[in-house]
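First up is the structure itself, then whatever we jot down about it.
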Amino acid sequence: MAIKEAAEFLRNNDNFLLTSHVNPDGDGIGSILGMAGLLRQLGKSFHVICADPPQDKLGFLHAYNIIETFNEAMKGKHSFGAAIIIDVPHMDRIGATVSLLKKDAKLLVIDHHISCENFGTVNLVLPEAAASAEIVAMLYDALGKTFDANSAEALYVGLCIDTGRFRFSNVTPAVFKLAARLVEAGAAPDILSDLLYYNDPIETKIGLAKVIESIELHDGGKTATAWLDYNFMNSEIGKKMDDEGFVNQPLAIKGVENAFLIREKEKGKLRISLRSRTDDVDMNKLAEKFGGGGHARASGCRMDGVSIDEAKKLLLAALNDAKK
Ligand code: 5GP
Ligand code: MN
């Protein structure tokens, strides 16, 4: 039903703002580029604008150059009456691009976060979907369109990133079936895998060593914490590294079920990644306790005005409570 409504939304509107969350990642970017391909086939006009630049490592995507980064001057240029917002659980997460929308703008929200607040005029929110890219692909089918090569590449990247290279618990037969179709349409798994995962700046490796060095085990080895402090995060190395995936280091230890990675990017402001590999703890709920959210097995939150040690204690105590 929601699929039909979303397809109607695309048919009946035009001149879209196409956007994703702040600091857009592989699924956010892959999904909006995939959607851009679909809009083109529908003969629609659109602008792809995100609050922040996409991750550097996504620069290889063939459609990358259509992505614009928000700047204040855009406010004088754009006032969108319709928007497609992808991989975003609540309005705040689109950041400054919100100022490019008319007050009564119609919104199509496409998302797979369990915490999604359904803030659109039409909401296509499927928490069981592995990636937002999977939902965008469903819209191709609903509208009877086939993937062009660039869109296939972008959607494959979204799927690959949000399934942790096709290995998380969100991987279903449907994910592999879609992956196969995207490969048929031109996505090259070997090349994309190399570009995404075997192409690290040296700084990332040094950062990884730091994270591994910081690992501590708690709860008899069931929980692992790791951290990167302000000085390292703001060193030349820290600024150049890509820390996506670092949280998997503490998580990938034998016996570990839950992991927290704490990063202090700004003085006194912590960004925390929460991960679980069992159903015993809902990391979305745990992150919500601190004002964040995400998925049951992968979520994130921020903490201000506490030290890394204090954050560690707060997280471990909240985890303890959640298990009761
Ligand atoms: P990561 O730890 O990789 O940054 O984020 C993991 C998941 O948690 C992602 O799905 C992301 O959307 C979500 N997430 C991360 N940080 C936040 C946050 O501050 N607020 C909310 N609501 N979700 C977050
Ligand atoms: Mn996603």
Side-chain angles (χ1 to χ4, degrees), residues 19-35 50-52 54-55 57-58 85-95 109-119 124-138 154-166 168-171 175 178 211 225-228 233 242-251 258-266 269-277 281-304 311 315:
T19 191
S20 187
H21 51 81
V22 291
N23 300 314
D25 60 0
D27 188 32
I29 291 298
S31 296
I32 54 178
L33 294 182
M35 177 55 80
C50 290
D52 302 301
Q55 295 166 319
K57 70 172 176 195
L58 299 173
I85 300 174
I86 311 184
D87 206 42
V88 179
H90 53 89
M91 196 69 171
D92 290 351
R93 291 268 295 164
I94 74 169
V109 170
I110 296 174
D111 191 27
H112 68 130
H113 291 94
I114 199 163
S115 56
C116 186
E117 288 175 359
N118 295 308
F119 58 96
L124 181 52
V125 177
L126 305 174
E128 64 278 13
S132 292
E134 191 180 0
I135 309 176
V136 173
M138 290 174 191
L155 293 173
Y156 185 94
V157 165
L159 206 54
C160 193
I161 291 284
D162 267 24
T163 57
R165 318 181 196 186
F166 302 99
F168 291 161
S169 60
N170 57 6
V171 174
V175 165
L178 173 58
V211 166
T225 54
W227 50 272
L228 293 171
M233 290 299 292
D242 169 16
D243 55 14
E244 192 179 29
F246 278 13
V247 65
N248 292 318
Q249 294 301 324
L251 190 66
N258 310 294
F260 302 120
L261 171 65
I262 307 167
R263 283 158 294 178
E264 186 175 16
K265 211 164 179 176
E266 291 170 67
K269 289 189 175 175
L270 307 178
R271 257 207 57 67
I272 296 154
S273 290
L274 303 86
R275 297 290 187 273
S276 148
R277 45 177 181 174
V281 180
D282 183 336
M283 285 300 175
N284 171 55
K285 285 201 183 123
L286 202 68
E288 275 178 353
K289 283 194 176 175
F290 302 103
H295 311 278
R297 292 193 172 193
S299 66
C301 66
R302 286 158 203 277
M303 284 187 198
D304 290 352
L315 290 162

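Both ligands and their constituent atoms are indexed starting at 1 by order of listing. Values reported hereafter were calculated over all heavy atoms of this structure, with side chains retained and with hydrogens, waters and symmetry mates removed.
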Under 4.0 angstrom from ligand 1, any heavy atom of H90?
-> yes

Say whether, by atom type as modelled, one donor and one acceptor occur between the side chain of N284 and the main chain of G294 under 3.5 angstrom.
-> yes

Looking at the Mn ion (ligand 2), which N/O/S atom of D87 is the nearest one?
-> OD1

N/O separation below 3.5 Å, P89 to ligand 1 = no

How is the N/O/S atom of D162 that comes nearest to the Mn ion (ligand 2) named?
-> OD2

Which N/O/S atom belongs to D27 and is the closest one to the Mn ion (ligand 2)?
-> OD2

What protein heavy atom sits nearest atom 15 (C) of ligand 1, and how far away is it?
-> G300 CA, 3.4 Å

Donor + acceptor pair across side chains of S273, R263 (<3.5 Å) | yes

Please write down residue, atom name and distance for the protein heavy atom closest to atom 4 (O) of ligand 1.
-> R271 NH2, 2.9 Å

May I ask you to check whether over 12 heavy atoms, not counting those of K289, lie within 6.0 Å of atom NZ?
-> yes

Determine, using heavy atoms of R275 and all atoms of ligand 1, whether some pair is separated by less than 4.0 Å.
-> yes

Write out the residue and atom name of the closest protein heavy atom to atom 12 (O) of ligand 1, then the distance separating them to 0.1 Å.
-> H113 NE2, 3.0 Å

Counting from 1 in the order shown, the ligand 1 atoms closer than 4.0 Å to a non-hydrogen atom of H295 are 10 (O)

Short N/O distance, under 3.5 Å, between S115 and ligand 1?
-> no

Nearest non-hydrogen protein atom, atom 23 (N) of ligand 1 | G293 O, 3.1 Å

Side chain proximity check, M138 to L124, heavy atoms < 4.5 angstrom = no

Within-4.5 Å side-chain heavy-atom neighbours: T225 and P250 | no

When I272 is tested against each of L261, L315, V247, L286 for side chain to side chain contact (heavy atoms under 4.5 Å, CB included), which residue passes?
-> L315

Hey, is the Mn ion (ligand 2) within less than 2.8 Å of some N/O/S atom on H113?
-> no

For atom 2 (O) of ligand 1, what is the nearest protein heavy atom, given as residue, atom name and distance?
-> S273 OG, 2.6 Å

Is it true that some N/O/S atom of D111, main chain or side chain, lies under 2.8 Å from the Mn ion (ligand 2)?
-> no

Logged contact type for R93 with ligand 1, heavy-atom cut-off 4.0 Å, is side chain

Using atom types as modelled and distance alone, determine if a side-chain donor or acceptor of R275 lies under 3.5 Å from a backbone N or O of N248.
-> no

